[in-house]
Protein chains: 2
Amino acid sequence: MHVQNDGVEKVTIIGSGPAGWTAAIYAARANLQPLVFEGMPTQTPSIQLPGGQLMLTTEVENYPGFPDGVTGPQMMEQFKKQALRFGTRVESKNVGCCDFSRRPFELCIDGEPGRVVRSHAVIIATGASANWLGLENEMRLARTGGGVSACAVCDGALPIFRNQPLAVVGGGDTAMEEASYLLKFASKVYVIHRRHELRASKIMQARILNHPHAEVVWDSVVVDVLGGDKVAGVRLKNVKTGQQFDLAVKGLFVAIGHTPNTQFLEGSGLALDEKGYIKTTDGFRTWTHIEGVFAAGDVCDKIYRQAVTAAGMGCKAAIDAERWLAEKGVH
Amino acid sequence: MHVQNDGVEKVTIIGSGPAGWTAAIYAARANLQPLVFEGMPTQTPSIQLPGGQLMLTTEVENYPGFPDGVTGPQMMEQFKKQALRFGTRVESKNVGCCDFSRRPFELCIDGEPGRVVRSHAVIIATGASANWLGLENEMRLARTGGGVSACAVCDGALPIFRNQPLAVVGGGDTAMEEASYLLKFASKVYVIHRRHELRASKIMQARILNHPHAEVVWDSVVVDVLGGDKVAGVRLKNVKTGQQFDLAVKGLFVAIGHTPNTQFLEGSGLALDEKGYIKTTDGFRTWTHIEGVFAAGDVCDKIYRQAVTAAGMGCKAAIDAERWLAEKGVH
């Protein structure tokens with residue numbers, strides 16, 4: 001595998017959130033001339049939204065280095081600028097499929113039927129998308145920082161939520177963790193769940209059920225988010241009685257899971273877990289079971305999902321890829 | 001362990017590099033009012049230098065978010081400012097010892113014989129120190145960005161090293177990795193090793209020994225670094241013949257290992273590995289074998305040692321600590 005420049009990429013990075021751009025910064029500085037497929041811009045949140053989940057985030061207060069905060073899109077612009085500075089090449093396209101059974105690996109590109117991108121190493125950093133209820137007001141208020149969020153750790157400490165009644169939708173461990181986190185700030189936290197039983201573990205349930213400021217609203221679904229610029233409440237429907245009623249809350253945290261953006265990996269040969277996340281073979285590294293394929297960020301993280309954790313993994317992926325390529329004699 | 005505010009800290013963070021401050025940002029935003037022991041300022045690189053290794057770094061080009069670069073000390077000032085903004089308390093003192101056999105944990109503070117800090121959770125982020133040769137010119141040129149470095153991934157891509165002859169000191173895997181990385185930029189890389197045999201693995205050795213632009217200088221030690229503002233060469237001594245000779249290089253990369261800053265953990269009950277690094281029990285998490293003790297950054301990382309990887313782990317440690325405290329009923 002001693003290869004000269006023959007139209008084969010050294011490393012191709014798929015995705016353009018914090019993990020993808022950080023991998024690009026490190027790979028570019030290591031003289032690997034990385035090619036980034038940042039995804040195709042669309043009007044609606046798409047599978048491979050350029051910039052990732054942060055493009056839906058107004059204020060980021062917890063990415064270290066920005067003491068006065070920064071907006072998600074501004075931050076991703078800085079990351080991208082830094083990657084470009086060191087010679088990263090960027091295409092605003094989606095990768096449609098991968099074949100990791102061949103070496104070099106082969107990628108096909110959406111909208112370019114004849115094209116095959118060949119690459120010695122591939123870093124997958126396509127992230128995960130929060131699942132949303134799919135209500136119009138929900139999406140509008142999520143995009144404008146109006147009080148709808150899918151991440152309590154990211155947004156729970158914002159002033160608009162302090163000492164206010166808030167709602168969390170969901171019944172799993174994540175929903176309980178979100179509620180538990182928000183109880184530090186909120187005057188009251190309603191957990192809205194469509195069944196009469198929580199899926200969360202007993203210990204997580206107990207934490208919420210026994211908390212004086214938490215209340216579970218059973219058998220109910222959110223049918224609308226109320227409010228103009230800011231959340232003023234949620235309209236709920238009891239799924240057993242069909243009755244609708246409003247709850248006055250200043251924030252809605254949607255905690256009904258995430259979907260990793262790995263649909264394009266179908267048929268690639270890369271093993272995914274039962275939820276579609278990429279499995280890494282060593283928690284500390286970014287190796288997958290296929291040598292030369294590395295994963296970073298939310299596409300393989302069900303636990304933390306933070307910009308800085310994704311960035312850290314992007315850095316690791318580039319270093320892992322650089323060392324692997326050097327071992328293989330690809331310079 | 002249902003505790004009110006009784007003088008017991010919820011979470012105490014030891015260390016003030018990227019991992020420590022990021023843990024503080026996240027812990028503070030989670031309303032845990034973290035207490036950070038940032039270490040005592042000294043004139044010489046000390047065990048718990050406030051700000052960590054980055055205080056010795058002039059230009060940081062690879063921390064994502066700063067496309068125009070930033071100096072290490074400036075960056076750490078931003079991190080600290082952000083932690084303070086959300087209510088972190090900081091003491092410029094060294095933790096002298098820890099007792100993790102009691103709960104709450106007990107910490108003693110250097111220079112304050114009577115004081116005991118009690119804390120439910122502790123995050124250790126004291127980092128590791130690069131080992132240096134101990135030469136006066138070496139340290140001076142390392143601190144001023146004059147061409148002496150202990151990290152090729154951090155500094156190798158800087159313009160001063162491009163197409164120049166460089167030297168790496170060391171004979172282990174890390175030294176070979178540093179040399180291999182630098183060969184992307186340098187006109188020539190000398191590996192200076194005091195023995196006639198490398199300790200590095202065969203594959204790593206082969207990478208260097210077979211490279212047309214690499215040369216191993218056997219049986220030799222660096223006795224001086226030459227140059228005023230910038231490295232102009234190194235003075236070597238052959239340990240077998242005693243003969244001295246100069247090598248014209250524009251950069252010196254010292255790769256003779258790191259020492260994790262864990263001396264203060266002696267007797268604490270926390271298990272360290274044979275090199276003194278803290279062992280985490282799951283590579284993806286920051287848990288140690290003692291519940292409530294978390295580790296982040298270079299103090300448990302022998303592989304990557306980057307600001308952004310340390311920051312990512314600091315974030316993880318705060319989230320892990322927050323969830324653990326919530327489970328234990330500490331609010």
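Note: hydrogens, waters and symmetry copies are ignored here, and every other heavy atom, side chains too, is used. Within every chain, numbering begins at 1; the chains are lettered A, B, ... in the order of the sequence lines, protein sequences first and strands thereafter.
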Expected output: side-chain A:Arg89 to main-chain A:Gln33 donor-acceptor under 3.5 Å: yes
Option that, when pairs with chain A are counted at under 4.5 Å, heavy atom only, ranks first among B:Gly65, B:Gly314, B:Gly69: B:Gly65
Atom NE2 of A:His289: over 12 foreign heavy atoms under 6.0 Å: yes
Residues of residues 77-85 of chain B within contact distance of chain A, non-hydrogen under 4.5 Å: B:Gln78, B:Phe79, B:Lys81, B:Gln82, B:Arg85
Pairs touching residues 150-164 of chain B that satisfy side-chain hydrogen bond (donor to acceptor under 3.5 Å, both in side chains), sequence neighbours left out: B:Ser149-B:Asp155
Side chain, backbone, both or neither of A:Glu327 within contact of chain B (heavy atoms, under 4.5 Å): both
Heavy-atom contact with chain B under 4.5 Å, split by part of A:Met313: side chain
Leading residue by heavy atom contact count with chain B [cutoff under 4.5 Å; candidates A:Ala157, A:Gly283, A:Pro64, A:Ala28]: A:Pro64
Within residues 294-304 of chain B or reaching into it, pairs that qualify as side-chain hydrogen bond (donor to acceptor under 3.5 Å, both in side chains) - sequence neighbours excluded: A:Arg285-B:Tyr304, A:Asp320-B:Tyr304, B:Asp273-B:Lys302
Partner set under ring-ring contact (aromatic ring centres under 6.0 Å, His included) for A:Phe185, not counting sequence neighbours: A:Tyr181
Backbone of A:Ala255 reached by a side-chain donor or acceptor of A:Glu178 within 3.5 Å: no
Chain B contact via A:Tyr63 - which portion, at a heavy-atom distance below 4.5 Å: both
Options B:Ile203, B:Ile303, B:Ile25, ranked by heavy-atom pairs under 4.5 Å with chain A, top entry: B:Ile303
Leading residue by heavy atom contact count with chain B [cutoff under 4.5 Å; candidates A:Ala311, A:Ala206, A:Ala30, A:Gly312]: A:Ala30
Best-contacting candidate, B:Gln306, B:Met75, B:Glu61, against chain A by heavy atom pairs under 4.5 angstrom: B:Glu61
Whether B:Glu9 side chain and B:Leu35 backbone form a donor-acceptor pair below 3.5 Å: no
Which portion of A:Asn210 sits near chain B, non-hydrogen atoms under 4.5 angstrom: neither
Main-chain N/O of A:Gln74 paired with A:Thr71 side-chain donor or acceptor, under 3.5 Å: yes
A:Pro18 and A:Met76, any side-chain heavy atoms less than 4.5 Å apart: yes
B:Gln205 (side chain) donor-acceptor with B:Ala200 (main chain) under 3.5 angstrom: yes
Top of B:Val153, B:Thr22, B:Asn62, B:Ile319 for chain A proximity - count of heavy-atom pairs under 4.5 angstrom: B:Asn62
Pair B:Glu322 + B:Lys10, salt bridge at N-O below 4.0 Å: no
